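Here's the structure, in structure tokens; my notes come after.
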Amino acid sequence: MKILIDENMPYAQQLFSQLGDVIAKPGRTLTADDLVGIDALMIRSVTKVNADLIAKADKLKFVGTATAGQDHVDQDLLAAKGITFTAAPGCNKVGVAEYVLSSLMVLGQQQDFSIFDRTIGIIGAGNVGTYLAKCLDALGIRYLLNDPLKQAQGDKRQFDSLERLLAECDVITTHTPITRAGDYPTHHLVDADFLAAMQPNAILINAARGPVVDNQALKQVLQAATNGSGKTLTAVLDVFEQEPLVDLELLPLLAFATPHVAGYGLEGKARGTTMVFNRFCQFLSSKHHVLASDLLPIAPVPQVQLSRQWDEVTLFSLIQLVYDVRKDDGIFRREMLAAGDDNRKMATAFDLMRKNYWDRREYSAITVAAKAEFAVESLAKLGFTVVEVTQ
Ligand SMILES: NC(=O)C1=CN([C@@H]2O[C@H](COP(=O)(O)OP(=O)(O)OC[C@H]3O[C@@H](n4cnc5c(N)ncnc54)[C@H](O)[C@@H]3O)[C@@H](O)[C@H]2O)C=CC1
Ligand SMILES: O=C(O)C(=O)[C@H](O)COP(=O)(O)O
């Protein structure tokens with residue numbers, strides 16, 4: 001059996017080679033010829049699975065994407081061809097939530113506000129939005145949820161209209177798929193009108209898909225603010241409309257910019273790969289089964305001792321110890337500016353930064369040792385591994 005994998009799929013080579021011959025290639029540039037004689041295809045979000053890609057796929061029986069997003073796969077086409085498809089919903093929800101928290105903590109420091117005084121508007125209450133809400137609950141931070149689809153499905157949580165989010169929230173963060181049809185399409189959900197309705201000095205975060213935010217409209221608003229002719233907004237983008245190309249006029253106007261890595265924790269990638277691997281094993285009726293936790297190395301700073309009640313400063317340190325968005329932002333800006341207006345260089349640099357991404361971990365990889373009286377249950381709810389010490 002021949003299994004074609006995206007070369008940027010951590011642990012895939014070692015796992016899938018137990019099942020067949022593995023061929024690893026760059027996911028973004030796969031062509032129809034690459035699929036000749038291939039039985040199974042394991043991808044990430046940069047591979048567009050469409051009629052062109054599978055035109056010569058003579059043996060393809062299974063496609064797995066080790067990602068939460070599925071917009072890059074024509075699932076109707078695969079179903080029509082009798083090709084089984086699987087994805088990895090929720091695999092990287094923790095990484096994305098930790099990206100949002102890091103961004104807000106750093107912005108709080110830079111702009112002199114406390115995250116505890118802010119109201120966060122979460123658009124999209126699926127795996128990421130729900131996990132982020134859980135983190136905010138752990139910290140006692142107010143948030144509003146918007147998800148008309150979940151609401152229509154009878155989800156019992158309190159949902160609010162976009163109008164209410166726009167009126168009450170200091171921060172709006174998008175966690176929807178990209179959709180262009182249906183009752184609630186998300187393409188350009190954040191457009192000129194949306195931006196105009198945001199509160200002055202509000203923060204917009206998009207770590208969903210680039211086209212959820214109209215990048216031209218955002219650029220105009222941020223440019224107007226720079227010229228002193230419009231209200232001030234702060235924008236954080238992990239995803240871009242023309243990815244892997246980035247608008248070099250927009251980039252300097254962003255508070256933080258990163259190359260689609262919000263969900264790039266090692267745990268999240270391992271979960272993505274193992275979810276797809278385990279599903280493929282089921283498909284083959286093979287007894288192999290693997291846990292993501294068995295694949296992960298120990299974190300470089302595994303234990304932190306807390307000697308007093310945690311406060312905002314301690315929280316900031318703990319959060320930034322695991323993930324500081326400024327690190328990715330700094331490298332990204334340098335690489336994009338170095339590429340200049342050479343699109344080929346820019347696309348290569350964008351993908352290289354993702355391919356060579358550092359071994360980022362989730363909060364759970366850090367053990368916080370503290371006395372019970374230091375209210376560490378909030379940190380445990382936030383995801384840190386907490387151990388109680390008596391002195
Ligand atoms: N930047 C990154 O590294 C990552 C980006 N993503 C993106 O984030 C998206 C969300 O991820 P998950 O939460 O795991 O997906 P999910 O499928 O669990 O949740 C998406 C939620 O969005 C809701 N939704 C759809 N249209 C909406 C609309 N018009 N308004 C409000 N809510 C709407 C859905 O009802 C659903 O509850 C993914 O589809 C993917 O595109 C996901 C993981 C990593
Ligand atoms: O899971 C998703 O959806 C994502 O956006 C991924 O984190 C993106 O990673 P790649 O698939 O582009 O490696």
Side-chain angles (χ1 to χ4, degrees), residues 5-10 12 26-28 42-49 64-73 87-100 103 121-134 144-155 157 159-162 165 172-190 194 205-213 236-240 243-244 257-269 271-273 275-276 323 325 328 350-351 353-357 360:
I5 61 168
D6 181 322
E7 65 180 12
N8 290 348
M9 207 169 156
R28 205 185 286 279
M42 307 300 165
I43 52 166
R44 294 190 56 88
S45 73
V46 294
T47 304
K48 303 266 175 274
V49 179
T65 183
T67 60
Q70 301 169 26
D71 51 284
H72 51 295
V73 178
C91 64
N92 41 24
K93 63 182 181 184
V94 179
V96 180
E98 293 181 1
Y99 176 94
V100 172
S103 300
I122 301 175
I123 304 183
N127 284 297
V128 175
T130 302
Y131 188 80
L132 176 61
K134 184 173 160 266
L144 301 180
L145 288 179
N146 170 266
D147 192 326
L149 290 124
K150 283 261 185 296
Q151 196 170 2
Q153 286 156 13
D155 189 316
R157 287 174 289 179
F159 292 103
D160 287 291
S161 64
L162 280 184
L165 263 68
I172 293 201
T173 183
T174 52
H175 300 292
T176 65
I178 180 69
T179 54
R180 290 177 168 81
D183 291 339
Y184 303 102
T186 62
H187 182 262
H188 287 189
L189 177 81
V190 178
F194 187 107
I205 303 179
N206 183 16
R209 285 290 180 266
V212 172
V213 173
V236 175
L237 294 188
D238 177 56
V239 285
F240 299 85
E243 219 172 285
T258 46
H260 197 150
V261 292
Y264 259 27
L266 200 53
E267 283 88 346
K269 286 187 187 171
R271 266 185 233 115
T273 303
M275 284 165 85
V276 167
Y323 181 62
V325 66
D328 287 339
F350 190 97
D351 280 346
M353 192 173 157
R354 290 151 54 78
K355 181 179 164 73
N356 300 327
Y357 198 67
R360 176 176 145 200

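Any value given below was found using the heavy atoms of this structure, including those in side chains, with hydrogens, waters and symmetry copies removed. Bear in mind that the values here come from a model prediction, so they are computed numbers and not experimental data. One-based numbering, in listed order, for ligands and for the atoms of each.
- Contact of the Val100 side chain with the His175 side chain is registered, since non-hydrogen atoms from C-beta on lie closer than 4.5 Å.
- Within the listing of ligand 2, atoms 2 (C), 3 (O), 4 (C), 5 (O) sit less than 4.0 angstrom from a heavy atom of Arg209.
- Between the Thr47 side chain and the Gly27 main chain, a donor and an acceptor come within less than 3.5 Å of each other.
- In terms of protein heavy-atom proximity, atom 9 (C) of ligand 1 is closest to Thr176 O, 3.4 Å.
- Remark: among candidates Arg209, His175, His187, His72, the nearest residue to atom 10 (C) of ligand 1 is His175, based on non-hydrogen atoms.
- Of the N or O atoms in Val96, none lie within a sub-3.5 Å distance of an N or O in ligand 1.
- The protein does not reach atom 17 (O) of ligand 1 closely, with no heavy atom under 4.0 angstrom from it.
- Judged purely by distance below 3.5 Å, without hydrogens or angles, the side chains of Tyr357 and Asn8 never pair a donor atom with an acceptor atom.
- Among all protein heavy atoms, the one lying closest to atom 7 (O) of ligand 2 is Asn92 ND2, 3.3 Å.
- Checked by distance only, ligand 1 and Asp71 stay at 3.5 Å or farther apart across all their nitrogen or oxygen atoms.
- Inclusion of Ala68 in the set of residues having an N or O under 3.5 Å from an N or O of ligand 2 is warranted.
- Residue Asp147 touches ligand 1 through backbone and side chain together, judged by heavy-atom distances below 4.0 Å.
- Side-chain contact between Arg180 and Pro185: absent, with no pair of heavy atoms (C-beta onward) separated by less than 4.5 Å.
- When Gly95, Gly69, Gly126 are ranked by how near their heavy atoms come to atom 19 (O) of ligand 1, first place goes to Gly126.
- At least one test fails for Arg360 against the ring of Tyr264: distance under 6.0 Å to the centre or angle within 45° of the axis.
- Contacts of Ala125 with ligand 1, taken as heavy-atom pairs under 4.0 Å, involve the backbone alone.
- The single protein non-hydrogen atom nearest to atom 25 (C) of ligand 1 is Leu149 CD1, 3.2 Å, given as residue, atom name and distance.
- Taking the side chain as every heavy atom from C-beta outward, Val46 and His260 never approach each other to under 4.5 Å.
- At distances below 3.5 Å, not a single donor-acceptor pair connects side-chain atoms of Asp160 with backbone N or O atoms of Asn146.
- Looking from atom 11 (O) of ligand 2 to the surrounding protein, the closest heavy atom is Ser45 N, 2.6 Å.
- Close approach to Asp238 involves these atoms of ligand 1, each under 4.0 Å from a residue heavy atom: 1 (N), 2 (C), 3 (O).
- Not a single heavy atom of Thr179 sits less than 4.0 Å from an atom of ligand 1.
- The protein heavy-atom contact nearest to atom 12 (O) of ligand 2 is Arg354 NH2, 2.2 Å.
- Within the 4.5 Å cutoff, the side chain of Val73 has heavy atoms near those of the Ile43 side chain.
- Considering only non-hydrogen protein atoms, atom 8 (C) of ligand 2 sits nearest to His260 NE2, 3.3 Å.
- Each of the atoms 43 (C), 44 (C) of ligand 1 lies under 4.0 Å from some heavy atom of Asn92.
- In this structure, atom 29 (N) of ligand 1 lies nearest to the protein heavy atom Tyr184 O, 2.9 Å.
- Residue Gly263 places no N or O, backbone or side chain, under 3.5 Å from any N or O of ligand 2.
- Taking each of Pro148, Gly265, Ala207 in turn, the one with a heavy atom nearest to atom 30 (N) of ligand 1 proves to be Pro148.
- Considering backbone and side-chain N/O of Thr186, none are found under 3.5 Å from N/O of ligand 1.
- The backbone and the side chain of Asn146 each have at least one atom closer than 4.0 Å to an atom of ligand 1 (non-hydrogen atoms only).
- Atoms of ligand 1 found under 4.0 Å from any heavy atom of His260, numbered from 1 in the order shown, are 1 (N), 2 (C), 3 (O).
- Protein heavy atom in closest approach to atom 13 (O) of ligand 1: Val128 N, 2.8 Å.
- Interface atoms of ligand 2 facing Gly69, defined by a heavy-atom separation under 4.0 Å, are 1 (O), 2 (C), 3 (O).
- Counting heavy atoms under 4.0 Å from ligand 1, residue Pro177 touches it through both backbone and side chain.
- At least one donor-acceptor pair closer than 3.5 Å links the side chain of Thr179 to the backbone N or O of Thr186.
- Ligand 1 lies out of reach of Lys93, whose nearest heavy atom is not under 4.0 Å from it.
- The CE atom of Met42 lies 12.0 Å from the CG atom of Asp6; values are rounded to the nearest 0.5 Å.
- Nearest non-hydrogen protein atom to atom 8 (O) of ligand 1 is Ala208 CA, 3.7 Å.
- At under 3.5 Å, a nitrogen or oxygen of Asn127, whether backbone or side chain, sits near a nitrogen or oxygen of ligand 1.
- Looking only at distances, no side-chain donor or acceptor of Asp155 sits under 3.5 Å from a matching main-chain atom of Lys150.
- At least one side-chain heavy atom of Val261 sits under 4.5 Å from a side-chain heavy atom of Asp238.
- Side-chain atoms of Asn206 come within 3.5 Å of backbone atoms of Arg209 as a donor-acceptor pair (strictly under, hydrogens ignored).
- Within the model, atoms CZ of Arg354 and OG1 of Thr258 stand 10.0 Å from one another, a figure rounded to the nearest 0.5 Å.
- Taking atom 42 (C) of ligand 1 as the reference point, the nearest protein heavy-atom neighbour is Ala68 CB, 3.9 Å.
- A 4.5 Å side-chain heavy-atom check between Asn127 and Pro89 finds at least one atom pair inside the cut-off.
- Taking 4.5 Å as the limit, some side-chain heavy atom of Val190 sits within range of a side-chain heavy atom of Thr174.
- Taking every non-hydrogen atom of Tyr264 and a distance limit under 4.0 Å, the qualifying atoms of ligand 2 come out as 9 (O), 10 (P), 12 (O), 13 (O).
- For the atom pair Tyr99 OH and Ile205 CD1, the distance stands at 7.5 Å (nearest 0.5 Å).
- Heavy atoms of Lys269 stay at 4.0 angstrom or farther from ligand 2.
- Without hydrogens or angle criteria, Glu243 side chain to Phe240 main chain gives a donor-acceptor distance under 3.5 Å.
- Protein heavy atom closest to atom 3 (O) of ligand 1, with residue, atom name and distance, is Gly263 N, 3.0 Å.
- Between the side chain of Thr173 and the backbone N or O of Ile122 there is no donor-acceptor pair closer than 3.5 Å.
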